[in-house]
Every structure is written in structure tokens, then in C-alpha cells.
Colleague: 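Quick one: the structure is below, questions incoming.
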There are 4 protein chains.
Amino acid sequence: MSPKIINREKRTAEITRAALDVFSVKGYSAASVGQIAATAKIAKGTIYEYFETKEDLYIAAVMLFVDGFQSSLKSLLENIDDPLTRLITFTKSSLDICDRNDAETTYLFVDILQQSLLKNGVFYNRRYLVREMLLGFRKIITNILLDGVSKGIFKPEIAKDAEKIATNLLAFLDGASLHTKMTENYFDIPSQLDYFMQYLTQSILLNPENYDLNATIAEQAGN
Amino acid sequence: MSPKIINREKRTAEITRAALDVFSVKGYSAASVGQIAATAKIAKGTIYEYFETKEDLYIAAVMLFVDGFQSSLKSLLENIDDPLTRLITFTKSSLDICDRNDAETTYLFVDILQQSLLKNGVFYNRRYLVREMLLGFRKIITNILLDGVSKGIFKPEIAKDAEKIATNLLAFLDGASLHTKMTENYFDIPSQLDYFMQYLTQSILLNPENYDLNATIAEQAGN
Amino acid sequence: MSPKIINREKRTAEITRAALDVFSVKGYSAASVGQIAATAKIAKGTIYEYFETKEDLYIAAVMLFVDGFQSSLKSLLENIDDPLTRLITFTKSSLDICDRNDAETTYLFVDILQQSLLKNGVFYNRRYLVREMLLGFRKIITNILLDGVSKGIFKPEIAKDAEKIATNLLAFLDGASLHTKMTENYFDIPSQLDYFMQYLTQSILLNPENYDLNATIAEQAGN
Amino acid sequence: MSPKIINREKRTAEITRAALDVFSVKGYSAASVGQIAATAKIAKGTIYEYFETKEDLYIAAVMLFVDGFQSSLKSLLENIDDPLTRLITFTKSSLDICDRNDAETTYLFVDILQQSLLKNGVFYNRRYLVREMLLGFRKIITNILLDGVSKGIFKPEIAKDAEKIATNLLAFLDGASLHTKMTENYFDIPSQLDYFMQYLTQSILLNPENYDLNATIAEQAGN
DNA sequence: GATGAATGAGTATTCATTCAT
DNA sequence: CATGAATGAATACTCATTCAT
């Protein structure tokens, strides 16, 4: 409550932000604490007043990234009622992150991967954090599907497979965005996604003929 | 043709193999030239008689990995005629790589990702190599699909979308295997894949009712 | 006399006490001002309101240690009249310091040694302080010896050598306790001491046959 | 056997020598690897081709010191037959080390103490090395005593106490030399030692009246 | 007077690369 | 051709001390 605590939190946030910027561009191992300090415009030692190790700083930066990602998704979906529109909005905006020109977030995403897979990686012993993040996203999709079922828009029989569908959708989204980045946008990812979503929606909609998916997609893109 | 050249090629291959072993476990930056030399049972300085830099060595190792991956896939598909079985075989064995206990190949795959995405990454200016690798895989799948169409097993109308379908399948496969690794096998990837393939095959088979997909999958798994 | 001065003295004493605790465990260079501040439950900066440097703080702590050591010895000897008992009490309690499980005092003692011997050591230019401390102890022993002579218990001819005897006894005591600590109690120091004292007392007692040294030692140990 | 091995050993010895020089003056923690490298006139990194850590380097330096000390003692005693002369020679030359003007060895000795006593000290978990060193010295003295007994020069009854006598003598020697160093030669250590040795020899000689200790000492000092 | 945030110089250690043998 | 000794730049982290509040 005291002003000091507020300053401390503020400074912690500043450093974390700077760390996120640097880690996103350089990755964990190539980034140096000195660079992060310079970015935050503070002395190198000051970093260690707020974080014990470079690893801790990395974790904080990743958390900031994940939280920002999730909350921006949540606010996007906030005022949408129609389950189909929600689903399409979710997938579109997931990939938008990779289409943005400042898309360093993708670099960070791969870096998290790296640090999760390699023994001695920062996240190797913290894979539960990654898992929880993925489960959070899966929950969002699962809820959309079940909501659609209860509203009579999606087929009732998909309810029992909602988690599987959600898991597969997430896998596709991540695989697609990585391929895109790796190949310098060689694939036209939006049209690939539309194609995937047409198959998916045809499979889950109760009355596919009542929906013009292209219109829904176009409408969503317009916002 | 001279014995020296033969020795040189042989030694180059040995070093590349050792490099692949080390890079697969440690990743590019954590791997040291000394470790690679030790693995190849030669002196550190000798490496530099065959490769100019650590980067060159990494590129050679990745090439060796990709070539081995592609040729093992080719030989797997070599004696299979039925397009559906070919398709399923392809997807199964792609994921098998990630299910193997010594699945260091996944680590390397992510490392390639990392080095492709990061500015200053080894592969950042060689992303065309990654693209060509992906295009090679896409070509295999596309050919399977077109073969199925011409044999009257897959729907004729998918011919024009064969590349899109192949691209999406690859994206799903990579996304799924990465998620699996990241989350310590929290997701049951084989059953997820089966689920995905059921939807896919229902969409592309001309007469889905004539095929018992589960039987085909089980049969394939048996081999 | 003003309350502020009293507070200042009290606070100075608290900090010195905390410093002694930390220096005793960690030694001068491994101890950090931050740890001392934490032990004293004050802020790091506050230390520098009371002491100019870490060196000054160390000197104050050592003084506190030496004073405490000497005054506890004095009070131990206060009510003992018999010179032989006084002598044995002195040696026993000197070594007791090293037998106590929390024998951090030994660490400090060696640390003082270190800082006295090394050029650039805190005590290198203050060795006179160390010398005075040793002279203080020598004085105590010398007085015991001379008292014994005047009481007709010790041989008269040792009077002229009293200082030499005292110096040698101190050297033996310190050497013995250091060896003990260094070797993890490999030597049975109490029995070594008894052995040493038997020789010593036989040399200085006027009528050794009148004394049962073991009884005197046992009696002393009982207190 | 190959020249390379010889060079490696030679270089290892050079570095160890440089390390001993620096550690002797600065102590373990104040000495820096850079200073040692500069003293050895090699690059900092080269140190790590020969020693894994600063700790290993310290241990090697201490071993060099101890070995040198022990072998110089041995060669001194080599051609002396008379047990009493051997005993006096041993004590004299032990203290000589501390009287030499370049007596940095004493600093190192205290540093070893420090590193043996402090938790986290380099020698804390290697105290057995220190113990073995002390036991080596004790063995030398014990042998002298037993030799004297068997030659009919020392009293037969001291045979059973030979180890205790040796232990006490060592303790005295170390304590005395430390006090001397700490107090800037305030005590006249040679005369203190003579005094101590007179008592000791009177206690152990079978016929003290047959020996003129002062003459023996003077004679020894003359060499 | 008390605080604790900020500093920046200092340290051990790693490693790609070179080059004399 | 092969070696491996030598290099030195780079990096994470520590801590005594200062100073604005």
C-alpha cells in the first residue's frame, strides 16, 4: 500500500516489459542481462534487485506474454454471443498474432518451446506452466463448443468429443503459424485457415446449410 | 576419386553424424564444438579442417537429419499401393518420431525452428532450406491424394484442393507433436490423430461407408 | 546524555552484535553488509549511519568479541584463590570455546588471524590491537604464576621466567585448538591438554607430590 | 611419455607455482584467477585448460606447498643420526619458515586454516587432507622419539606417550609461529622455543645431565 | 534519523577459433 | 593432415557504498 511498494511493482513491470522485448527478439540464451538492463534504462545490478536470476526474469516475461495474449483474447470474445462467430474469432485472432509485423511474439513462442523441450532448458522443469497455458486455451474452445451444442447450433453428438476437437484445433493453429513463420509466409495462411474451418464447421454445425460460413468469416474480418 | 578424397568425404560424414547427435540433444547454442569433436573422437582443431564455422557444421547436420527423415519416409511408403493406407502410414510415422523415447529429433526440429525465426539465427537467412523441406513433405501428401483421386478412391473434387489439404495436414501434425512434447504427453496424441484422420478421411473418401478406418489404422499399427 | 545519544549507543551496540554474529559464521570477506543489516533488523543504509565502512564494523565486532572473552575469563577466575586451580581453569575454559558445538568463535579467531597476516587485511595495520589482546591474556597467566610463587605453591625460580612460561602456554593453547578444529576433532584435545598440564605443573609446583593433578582437573571439570 | 605430456606437466607446474605465489600473498578469496594468469604470463582462459576451477587450483597450490615443506624437512633430517639433534632440528626449521622475510608461507598456512574451518571454505569438505598433513608431521616426530627410546637416549616410559608428545609439540610450534606473525615478532620466538625445548628434553631424556642442550641447540643453529 | 533503490566495478568461467608443431 | 594448446571476448551475478526521499 505504501508508495514504495507501488514503485517496486511499477519498476518490476518495467523490467519485465524490457525483458519481454529483448527475449522476444533474441531468445533466452542469446539475450544478455546487460541488454535487458540497457533496454530498461537501468544499471545491470538493478535487475538483480528485482529478479534473482536470468531464468526468473525469463519466466516473468513469458508470464506477461501469456497473460497479455489470453486477456486480449478474452476481451475480443467478450461481446460475442453466437458460438460460431466466437469460434472463428478465436482462430482468426490467434493467427493474427503471427501476421502482425512486430510479430516477435512468435519468436518468443518458439523460444518457450525450446526451453520446454531441452533438458537444462528454463522451462524443462516447469512444463506444467506450458501445459496449463495450453489447457487454458483448450478450455475456451471447449466452452464455445458446448455452448453451441446447448444453443442447438452445433450437433449434440460432438459434446462428448469437445475436448478432442479443441485439442486438434489448437494443434493445427500452432502448427500453421509456425510453418508460416518458418517459410516466410510462403503459405497463404488465412486461406488455409478458411479451408480448415469450412471442414470443421461442416462437421460440427447441426444445420450447415443455414450458415454462410464465408459471410461469417468476412464479417468477422471486417471488425 | 583419389583415396584422400574418399577419406575426406568419410571423415566429413563422421563429423556431421557426431554433430547431429550432439545438436539433437543440446540444441545449437548449448552444443559446443569440443563436445562434437569428442563424440567424433577427433581433436577440436580437426573440425575446422572440414567445416569453416560451427554454423556450417549445424547446417550440414540439419541436412543430414532432413535427408534421413525423408528417405526413411520414402522407403516406408515404397511398397504400399492403397492411397488411404499410404496417407495413414505417413501420418503415423511422422508422429512416431515424437513418441520414440529417444525423441531427440523433436529437439532438433524445434531448434531448427528457433534458428529460422530469430534474426541472427543460423537459419534466418537460409529459410528457403526449411521451406524446401516442408514443400518436399507437402509434395508427398499431395501425390498420395491425387493418386487416390485417379484411382477412384478419393472424391474427384478434392484434386484442386490437394495442396491445401496437404498443407493443413502437415500443420496439424507438427502442431500436435510439439504440443505433446511441450506438455509431457499430457495429450493422448495417437487417439487425437485417429480422431483427426476420421474427419479427414470422411471428407475425402468417395465412399466412406466402404472403408473401416479403424481396421486400416489398426492394421497399419500392427506393422 | 540526551536520549538521542543513548539511542545511538544502543543502536550501535545492536549493530555490532549482529555484525559479530555474522562475521563469526562467515568470516570477513564472505559476510555481507546486507546480511548484517538483516540480522540487526534494520535497513542496509542505516549501517552506514553508524559505521563508515565494513572494515570499521569488523573492527568493532572483533573488539566486542575480545572484550567478552576476556571479561568472561575474568569472572570465571574471580572467586578462585588457589593458583593451580586458577591456571587449570584458565586453560580449560580457553579450550572449551573450541569444544562448544556453536564454536563460531574459533572461526572468528582464525579470521582475525587472516586479517592480521595478509597485506590488505583489515587488521594488517592494526596488529597492535591483536598484540594487546595477547598481552592481556599473558598478563593473566603471569599473574597467576607469580601469585603461586608468592604463596609458596610454585617454585620460586620460575618467577623470572613467568612471562616465557605464559607465552608458551598461550601458544600451545591456540595451536591445539586450531589443530583440533582443522582436523575435525581427530585429536582428543582434553586428554592432550591434561598431558601437557601434567608436565607443566610438575615443572612449576614446588611440591608436586602434594597435589593430585587429576583430582584438581576433575573437580574443575565438574563445575 | 610423448613430448606433449611433458609440456603439459611443465605448464601445469608453472601455473601451480604462480597460483601458490598469488594465494600466499592474497589468500584464496582475495586472489583472482586473472592475477594468477598474469603471474604465470598466460591468458586467463589457459588456466582453465589445466584446472577446472579456482578451487582445484588452490588445492594444487596447497599440495605443492605442503610437499615442498615436507620434503625440505626430510632432506634436512636425512643425515642426522642423534635423536635429540633430529628433534631440535625439526623444531628449529619448522619455525624458520616463519622467520624468513619472504615468509608468505605463513599467510598460506592461515589461509588453509580459514578454508578448513569455514563452512563453504575450499577445504571444509577436504579436511582429511589437512589431517593427513598433520599426521605426516606427527609421524616424523613420533619416529624420532621412538628411535631415541630404542637407542637408550630417551626414557623408555615415553614410548607409550610418543604420539601425545608429538601432537603437543606440533600444537605448540604452530601456535607459537602464528602468535609471532600476528604480533609482528613482538615475542622472541627462538628464545621461547629454547625454553620450551629445555623443559621437553628434560622430561624425555634418560640422562639429562649428560647433555648440554644449549650446546646442541647452538651447534644446530650454526649449520 | 532511517530507508532501500540504484549503482557499477569486479569475478569466475565458457568456448569458438587460430596456429605452431 | 591432425593436433590440442592458447587465446580473449563475452556473460551472469555480487556487493559495498551512495543518496534522494
Side-chain angles (χ1 to χ4, degrees), chain A residues 2-5 7-8 10-12 15 29-37 40-57, chain B residues 4 7-8 11 29-38 40-57, chain C residues 4 7-8 11 28-38 40-58, chain D residues 2-5 7-8 10-12 15 29-37 40-57:
Chain A
S2 84
K4 282 166 191 170
I5 287 178
N7 284 337
R8 192 165 181 85
K10 194 181 151 201
R11 182 53 62 98
T12 303
I15 295 174
S29 42
S32 85
V33 176
Q35 286 161 352
I36 293 169
K41 284 171 190 164
I42 56 171
K44 209 167 26 164
T46 307
I47 299 269
Y48 289 90
E49 296 286 325
Y50 294 85
F51 295 92
E52 297 219 329
T53 62
K54 189 187 174 188
E55 289 208 354
D56 287 347
L57 190 48
Chain B
K4 281 180 182 173
N7 283 337
R8 187 166 183 86
R11 181 61 61 96
S29 43
S32 83
V33 175
Q35 286 162 349
I36 293 168
K41 286 173 187 161
I42 56 169
K44 207 163 37 162
T46 308
I47 299 267
Y48 288 87
E49 298 286 328
Y50 294 85
F51 295 93
E52 297 227 327
T53 62
K54 189 186 175 188
E55 290 208 353
D56 288 345
L57 191 47
Chain C
K4 281 180 183 174
N7 283 338
R8 187 165 183 88
R11 181 61 62 96
Y28 176 73
S29 42
S32 82
V33 176
Q35 286 163 350
I36 294 168
K41 286 173 188 161
I42 56 168
K44 207 162 37 160
T46 308
I47 300 266
Y48 288 87
E49 298 286 329
Y50 294 84
F51 295 91
E52 296 227 329
T53 62
K54 189 186 174 188
E55 290 208 351
D56 289 345
L57 191 47
Y58 184 71
Chain D
S2 86
K4 281 165 192 170
I5 288 176
N7 284 336
R8 192 165 181 87
K10 195 180 149 202
R11 181 56 60 97
T12 304
I15 295 173
S29 42
S32 85
V33 175
Q35 286 161 353
I36 293 168
K41 285 174 188 160
I42 55 172
K44 208 167 26 164
T46 307
I47 299 269
Y48 288 89
E49 296 286 325
Y50 294 85
F51 295 93
E52 297 219 331
T53 61
K54 189 186 174 188
E55 289 207 353
D56 288 346
L57 190 47

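In what follows, chains are A, B, ... by sequence order, proteins preceding strands, each numbered from 1.
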Colleague: How close or far is atom P of F/dT3 from atom CZ of B/R11, stated in whole angstroms?
Modeller: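 Taking CZ of B/R11 and P of F/dT3, I get 7 Å after rounding.
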
Colleague: Contact class for A/A31 vs. all strands (heavy atom < 4.0 Å): base, sugar-phosphate, or nothing?
Modeller: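 Sugar-phosphate, backbone atoms only, no base.
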
Colleague: Quick one: D/K41 NZ to F/dA6 P, roughly how many Å, whole number?
Modeller: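 About 16 Å, once rounded to whole Å.
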
Colleague: Hey, which of these two, B/G34 or A/G45, hits DNA chain E nearer its 5' end, going by closest nucleotide?
Modeller: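 Checking each residue's closest nucleotide, the 5'-ward one belongs to A/G45.
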
Colleague: When all nucleic acid strands are considered with a 4.0 Å heavy-atom cut-off, which category describes A/A30: base, sugar-phosphate, or nothing?
Modeller: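 Answer is nothing: A/A30 stays at 4.0 Å or more from every strand.
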
Colleague: Rounded to whole Å, please give me the gap between CD in D/E49 and P in E/dC15.
Modeller: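 That distance rounds to 12 Å.
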
Colleague: Compare side-chain N and O positions of D/R8 against OP1 and OP2 of F/dG4 and report whether any pair is under 4.0 Å apart.
Modeller: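 No, no such contact exists.
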
Colleague: On DNA chain F, compare the nucleotides closest to A/Q35 and C/S32; which residue's is nearer the 5' end?
Modeller: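 Mapping each residue to its closest nucleotide by heavy atoms, the 5'-most match is A/Q35.
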
Colleague: Using atom CG of A/D56 as one end and atom P of F/dC13 as the other, report the distance to the nearest whole Å.
Modeller: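 These atoms are roughly 9 Å apart.
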
Colleague: Atom CD1 of B/I47 and atom C1' of F/dC1: how far apart are they, to the nearest Å?
Modeller: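 Result: 14 Å.
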
Colleague: Compute both the distance and the angle, then confirm whether C/K54 meets the cation-pi test with C/Y28: under 6.0 Å from the six-membered ring centre, within 45 degrees of the axis.
Modeller: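 Geometry flag: set, cation within 6.0 Å and 45°.
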
Colleague: What's the CZ-P distance between B/F51 and E/dT18, to the nearest Å?
Modeller: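 Those two atoms, CZ and P, are 16 Å apart.
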
Colleague: Find the distance C/I42:CD1 to E/dG1:P and express it as a whole number of Å.
Modeller: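 In whole Å, E/dG1 P lies 12 Å from C/I42 CD1.
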
Colleague: Closest-nucleotide mapping onto DNA chain F: is A/Y48 or D/Y50 further toward the 5' terminus? I mean the 5' end.
Modeller: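 By nearest-heavy-atom nucleotide position, the 5'-most residue is D/Y50.
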
Colleague: Please tell me if the side chains of A/Y50 and A/L57 come closer than 4.5 Å, counting only heavy atoms from C-beta onward.
Modeller: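 Side chain of A/Y50 against side chain of A/L57, heavy atoms only: no contact under 4.5 Å found.
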
Colleague: Select one nucleotide: of F/dA6, F/dT7, E/dG1, the one nearest the side-chain heavy atoms of B/K44.
Modeller: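 Nucleotide nearest to B/K44's side chain: F/dA6.
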
Colleague: Holding to side-chain hydrogen bond (donor to acceptor under 3.5 Å, both in side chains), I want the full list of residues that pass it with C/T46, two or more places apart in sequence or in another chain.
Modeller: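 Scan of C/T46 (side-chain hydrogen bond (donor to acceptor under 3.5 Å, both in side chains), adjacent residues dropped) gives none.
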
Colleague: Please determine whether a side-chain nitrogen or oxygen atom of C/T46 lies at a distance below 4.0 Å from atom OP1 or OP2 of E/dT3.
Modeller: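 Result: yes.
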
Colleague: Return no unless some side-chain N or O of B/K54 is found under 4.0 Å from OP1 or OP2 of E/dA16.
Modeller: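 Yes, B/K54 has a side-chain N/O under 4.0 Å of OP1/OP2 on E/dA16.
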
Colleague: Whole-Å distance between F/dA6 P and D/I15 CD1?
Modeller: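 Whole-Å distance recorded here is 7 Å.
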
Colleague: Counting Watson-Crick and G-U wobble pairs only, both distances under 3.5 Å, name the nucleotide matched with F/dT21, or none.
Modeller: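 Here F/dT21 is engaged in a pair, and the nucleotide opposite it is E/dA2.
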
Colleague: Considering non-hydrogen atoms only, spot the tightest contact between B/Y48 and B/V33 and give its length.
Modeller: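 Result for this residue pair: OH-CG2, 3.7 Å.
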
Colleague: Do you know the tightest heavy-atom contact between D/E49 and D/R8?
Modeller: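 Taking D/E49 first and D/R8 second, the nearest heavy atoms are O-NH2, 2.6 Å.
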
